[in-house]
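Contents: one structure, followed by commentary.
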Amino acid sequence: MEIIKRYYPFTYDKIILSNEIPNLIGLKINSIWEYYDLSDKLGLILKSKYECKNIGEIIINNGFGIYKVNDKYNILFNDGTSLNNNYDWISNKGTIAIDNNKVYIFGNEKIPFLYYEK
């Protein structure tokens, strides 16, 4: 983390690093998360109130990361929007979700497909 502080002029409270994309970071600045691409051109990807995990690893179209709010999970998209519903669990890649004993699959749309109901 010290390397990032030394080379990039950020002041932040907390940092998140992508596991799969080394140039993708999230910085908590006050109460807002700012997500940056540190590749050739330093660029702000989006700002959000949500702390995401798996940033840059979501494989559905324009998926960015998974966040947790009130013990439920949701997907943050590159445009700052989220799914219409929160779920009990969402897979690391954002393709499967479980809520109230129902299993949902996400294709390339933000609309869940009910795959299984107990």
Side-chain angles (χ1 to χ4, degrees):
M1 304 311 160
E2 184 60 36
I3 292 170
I4 292 172
K5 280 187 173 183
R6 188 175 307 142
Y7 292 107
Y8 296 103
F10 298 114
T11 301
Y12 57 88
D13 303 316
K14 189 174 179 183
I15 187 170
I16 298 171
L17 303 174
S18 173
N19 293 323
E20 293 183 6
I21 304 172
N23 294 327
L24 189 60
I25 66 168
L27 302 174
K28 184 177 183 184
I29 301 171
N30 297 318
S31 62
I32 300 295
W33 282 91
E34 295 184 5
Y35 296 96
Y36 288 91
D37 180 353
L38 301 179
S39 56
D40 296 336
K41 292 194 317 189
L42 175 65
L44 176 66
I45 297 170
L46 69 100
K47 290 183 180 184
S48 174
K49 64 181 179 178
Y50 300 115
E51 174 182 355
C52 290
K53 66 176 188 167
N54 300 58
I55 58 175
E57 302 168 28
I58 307 304
I59 61 175
I60 59 176
N61 280 352
N62 299 311
F64 182 75
I66 297 170
Y67 66 89
K68 185 176 182 179
V69 62
N70 298 327
D71 293 325
K72 295 274 194 164
Y73 296 88
N74 206 319
I75 296 175
L76 181 67
F77 291 88
N78 290 331
D79 63 2
T81 62
S82 298
L83 298 171
N84 288 334
N85 297 315
N86 294 327
Y87 296 87
D88 294 330
W89 176 84
I90 295 179
S91 66
N92 287 339
K93 299 290 183 182
T95 54
I96 300 170
I98 297 174
D99 193 47
N100 295 322
N101 295 316
K102 296 177 184 176
V103 177
Y104 297 92
I105 296 176
F106 297 101
N108 285 327
E109 302 294 325
K110 297 178 184 178
I111 301 167
F113 168 76
L114 179 60
Y115 177 74
Y116 175 80
E117 183 172 4
K118 189 173 181 180

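All values reported here derive from a predicted model rather than from experimental measurement. Counting begins at 1 with the first residue of the sequence.
- When the side chains of ILVMFWY residues are joined at heavy-atom separations under 4.5 Å, either directly or via intervening members, Ile21 and Ile45 end up in a single hydrophobic cluster.
- The cluster map of Ile, Leu, Val, Met, Phe, Trp and Tyr, joined by side-chain heavy atoms under 4.5 Å apart, puts Leu114 and Ile111 in different clusters.
- A continuous path of hydrophobic side-chain contacts links Ile98 to Ile105 [ILVMFWY only; heavy atoms under 4.5 Å].
- Ion pairing between Asp79 and Lys110 holds under the 4.0 Å rule for side-chain N and carboxylate O.
- In this structure, CG on Leu76 lies 6.5 Å from OH on Tyr67, to the nearest 0.5 angstrom.
- Separating the CG atom in Leu46 from the CD1 atom in Ile55 is a distance of 9.5 Å, to the nearest 0.5 Å.
- Hydrophobic clustering, with ILVMFWY side chains joined whenever heavy atoms are under 4.5 angstrom apart, groups Ile15 together with Ile29.
- In this structure, the separation between CG on Asp13 and NZ on Lys28 is 6.5 Å, given to the nearest 0.5 Å.
- Heavy-atom minimum distance, Ser82 versus Asn74: CB-OD1, 3.7 Å.
- Between Glu51 and Lys14 there is a salt bridge, since a side-chain N of the basic residue sits under 4.0 Å from a carboxylate O of the acidic one.
- Between Asp88 and Tyr73, every side-chain heavy-atom pair lies at or beyond the 4.5 Å cut-off.
- The shortest non-hydrogen separation linking Lys102 to Glu117 is CE-OE2, 3.2 Å.
- Only one option out of Asp99, Asn86, Asn85 pairs with Lys72 in a side chain to side chain donor-acceptor pair (under 3.5 Å); it is Asp99.
- Within the model, atoms CD1 of Ile75 and CD1 of Ile58 stand 5.5 Å from one another, a figure rounded to the nearest 0.5 Å.
- Aromatic rings from Tyr115 and Tyr104 are positioned such that their centres are separated by 6.0 Å or more.
- Under a hydrophobic-cluster definition in which Ile, Leu, Val, Met, Phe, Trp and Tyr are linked whenever side-chain heavy atoms come within less than 4.5 Å, directly or via other members, Phe77 and Leu44 are assigned to different clusters.
- Taking CG of Leu38 as the start and OG of Ser18 as the end, the distance is 11.0 Å to the nearest 0.5 Å.
- Using cut-offs of 30° and 60° for the angle between ring planes, the Tyr87 and Phe106 rings count as perpendicular.
- With a 4.5 Å cut-off on side-chain heavy atoms, Ile96 and Ile90 do not count as touching.
- Taking 4.5 Å as the limit, some side-chain heavy atom of Thr95 sits within range of a side-chain heavy atom of Ile59.
- Considering OH of Tyr35 and CG of Leu24, their distance stands at 9.5 Å, rounded to 0.5 Å.
- For the pair Trp33/Ile16, a side-chain contact is recorded, criterion being any heavy-atom separation below 4.5 Å from C-beta on.
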